[in-house]
Amino acid sequence: MPASLADAVAALGPAWSWVIAGLALAGAEILLPGVFLIWLGLAAVATGVAAAALPLPWQGQTLLFAVLAVGLVAVAARLQRRGAGPPAPALNRADRGLIGRAGVLDEPIVQGAGRIRFDDTLWRVEGPDLPAGARVRVTAIRGTILQVEAA
């Protein structure tokens, strides 16, 4: 019986060493933040499968692992860039969710200015003169002032 874990892995052969290393890297991906180790783990597992199927010397296995690792990381980076898209302009801007929303004026719009309450916030509004209680729809936001029109 082998004396240590390293001896046990070595006794299994190089193909199993690659597979075990790949599974360890995939397991480490769960513990560590990011999405990088999984690709190295997949490259190691693929190298182990190739080493089991083909008579590759250790130099060939190492070269195959390096090529697969670089290739998989490059493909993952390309997929991540493609899926990211442009940043959302309304990110962390809850006020952008008010555009298109309808509500009832708390205070009349007189000479273009009034007030409306959405949820727990009282907003200043600009738009055509309307009485208190009139239904309006938010069309735009300028700073902290909602632009409205009659709904």
If you take all heavy atoms of Ala102 and Arg135, which pair is closest and at what distance? CB-NH2, 3.4 Å
side-chain contact (heavy atoms from CB on, under 4.5 Å) against Leu122, all qualifying residues, sequence neighbours excluded: Asp106, Arg115, Arg117
Tell me if a side-chain donor or acceptor on Arg137 pairs with a main-chain N or O of Gly100 at a distance below 3.5 Å. yes
Do Ile116 and Val148 come within less than 4.5 Å of each other through their side chains, counting heavy atoms only? no
Please determine whether residues Val136 and Ile99 belong to a single hydrophobic cluster, defined as Ile, Leu, Val, Met, Phe, Trp and Tyr linked transitively by side-chain heavy-atom distances below 4.5 Å. yes
Apart from Leu56 itself, residues in the same hydrophobic cluster as defined by side-chain heavy atoms under 4.5 Å: Leu54, Leu64, Leu68
Co-membership, hydrophobic cluster, residues Ile145 and Val110, 4.5 Å side-chain: no
For Ala21 and Ala44, the nearest pair of non-hydrogen atoms, with its separation, is C-CB, 4.4 Å
Do Val45 and Trp16 land in one hydrophobic cluster if side-chain heavy atoms of ILVMFWY residues count as linked below 4.5 Å? no
Is the number of heavy atoms from other residues, nucleotides or ligands under 6.0 Å of Gln59 CD greater than 12? yes
What residues, two or more places apart in sequence or in another chain, satisfy salt bridge (charged side-chain N to carboxylate O under 4.0 Å, His left out) together with Arg124? none
How many angstroms lie between CG in Leu40 and OG1 in Thr47, if you round to the nearest 0.5 Å? 10.5 Å
Under 4.5 Å side-chain heavy-atom separation, chaining through any Ile, Leu, Val, Met, Phe, Trp or Tyr, what else clusters with Trp18? Say none if it is isolated. Phe65
Specify the closest pair of heavy atoms between Ala43 and Ala69, including all atoms of both residues, with the distance to one decimal. CB-N, 3.6 Å
Nearest heavy-atom approach of Ala28 to Leu37 is CB-CD1, 3.8 Å
Pair Trp123-Leu98, side chain to side chain contact (heavy atoms under 4.5 Å, CB included): steps then yes or no: CA-CA 11 Å; Trp123 294 85; Leu98 295 174; 3.4 Å; yes
Answer with yes or no whether the hydrophobic clustering places Val70 together with Leu79; edges join I, L, V, M, F, W, Y residues whose side-chain heavy atoms lie under 4.5 Å apart. no
Check side-chain hydrogen bond (donor to acceptor under 3.5 Å, both in side chains) between Arg101 and all other residues, then give those that pass, not counting sequence neighbours. Asp119
When you group the ILVMFWY residues by side-chain heavy-atom contacts below 4.5 Å and let the links chain together, are Phe118 and Leu130 in the same group? yes
Identify, with sequence neighbours excluded, every residue that meets side-chain hydrogen bond (donor to acceptor under 3.5 Å, both in side chains) alongside Gln147. Glu126
